[in-house]
Q: 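Quick one: structure below, then a few questions.
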Amino acid sequence: MRIRFHFRWIPFVVMLLLVALGISLAQWQQRRGDEKIARAARLEAGNQAAPLALTAVPLLPADAQAIEYRRVTVTGRFLPAWTVYLDNRPYKGQAGFHVLTPFQIDGSRMHVLVAQGWLPRNNAERTRIPDYATPTGTVTISGIARLNAGHVMELGTAPPLAPHAIVQNADIGQLAQASSLALQSFLIEQTVAPVDLTAPPAASALPVRDWPAPDLGADKHRGYAFQWYALALMAFLFFVFTGFRRANKQP
């Protein structure tokens, strides 16, 4: 018995589109997984490495990426006049803000942005910031280097950055331009209370410094990649199966 195949252009084109879409999305998911594997490796290396002491020398963007997730220490003073608050940063189910404050590195005009921690939001008065104290004078702080403060969905046009502004997102470059401060191209997520080098610190409320761990779910992206590859294969097999079926049903 002769086996025939019934070729049709429209199903063929649809099959090619589905195969191309499936392979493209699968490869994208694979790249996302590889990025998270590399991020996990940097995080592990940063945890094991000795703390890096920051100095007045500005780092290149490539250097900033190399020290992401490294433990760092820096001595200088906070500039609370240019503190900004990131809204929609919940902590354990409670709405709140992340506090970002420029920090002038000792002996220079170079600054680094410091995420001091989390503060709860007043649900009755949304724009009211809880009382907290930013240390004065020369202090030494420790934390983890991050390339940015994270990003949340934002509708509409973002307002210009200004001192003590409540915003959804704050880009380091935009903050440097708005404040006219020389900022390193990364920030520090502060992890411990600062050490005051000039006087004992006054007792005051401190922001919560329980930072969320970075998303390292590489296996999730591998699973998505498998699903997209399966879709591409199913589209191809369906085209081949229906082509043989239609041809062999004809008299």
Q: For F238, does its backbone N or O pair with a side-chain atom of T242 as donor and acceptor, under 3.5 Å?
A: yes

Q: How close do A145 and F186 get, heavy atom to heavy atom, and via which atoms?
A: CB-CD1, 4.1 Å

Q: With the side chain counted from C-beta on, respond yes when L16 and F239 share a heavy-atom pair under 4.5 Å apart, and no when they do not.
A: no

Q: Would the distance check show the side chain of W28 and the main-chain N or O of A225 forming a donor-acceptor pair, the cut-off being under 3.5 Å?
A: no

Q: Do I172 and N148 have side chains that get closer than 4.5 Å, going by heavy atoms?
A: no

Q: Checking the side chain of R77 only, and the main-chain atoms of D106 only, is there a donor and an acceptor separated by less than 3.5 Å?
A: no

Q: For the OH atom on Y229, are there more than 12 heavy atoms of other groups (residues, nucleotides or ligands in this structure) within a distance under 6.0 Å?
A: yes

Q: Would you mind telling me which of R71, R70, R146 makes a salt bridge (Lys or Arg N to Asp or Glu O under 4.0 Å) with E189?
A: R146

Q: Hey, are the side chains of L175 and W82 touching, using non-hydrogen atoms and a 4.5 Å cut-off?
A: yes

Q: Give a yes or no answer on whether the side chain of R89 reaches the backbone of Q168 with a donor-acceptor pair at less than 3.5 Å.
A: yes

Q: Which atom names give the shortest non-hydrogen contact between V99 and L119, and what distance separates them?
A: CG2-CD1, 3.4 Å

Q: Tell me whether N169 contacts the main-chain N or O of V152 through its side chain, where contact means a donor paired with an acceptor under 3.5 Å.
A: yes

Q: Measure the shortest side-chain to side-chain distance between F97 and L86 over non-hydrogen atoms and say whether it is less than 4.5 angstrom.
A: no

Q: Are side-chain heavy atoms of R121 and N88 found at a separation under 4.5 Å?
A: yes

Q: Keeping the roles fixed (side chain from Q227, backbone from L231), state whether a donor-acceptor pair exists under 3.5 Å.
A: no

Q: Can you confirm whether Y91 is buried at OH, in the sense that more than 12 heavy atoms of other residues, nucleotides or ligands lie under 6.0 Å from that atom?
A: yes

Q: Can you measure from CG (L183) to NE2 (H111) and round to the nearest 0.5 angstrom?
A: 7.0 Å

Q: Answer yes or no: is there a side-chain heavy-atom contact under 4.5 Å between L18 and M234?
A: no

Q: Under 6.0 Å from the CD atom of Q177, do we count more than 12 heavy atoms belonging to anything else shown?
A: no

Q: Is there a side-chain contact between T101 and F103 in this structure, where contact means two heavy atoms from C-beta onward sitting under 4.5 Å apart?
A: no

Q: Could you walk me through whether T140 and T75 pass the side chain to side chain donor-acceptor pair (under 3.5 Å) check?
A: CA-CA 4 Å; T140 296; T75 299; 2.8 Å; yes

Q: Per the side chain to side chain contact (heavy atoms under 4.5 Å, CB included) rule, which among V74, I67, I105 passes with Q184?
A: I105

Q: Determine whether Q116 and P135 make a side-chain contact, defined as any pair of heavy atoms from C-beta on separated by less than 4.5 Å.
A: yes

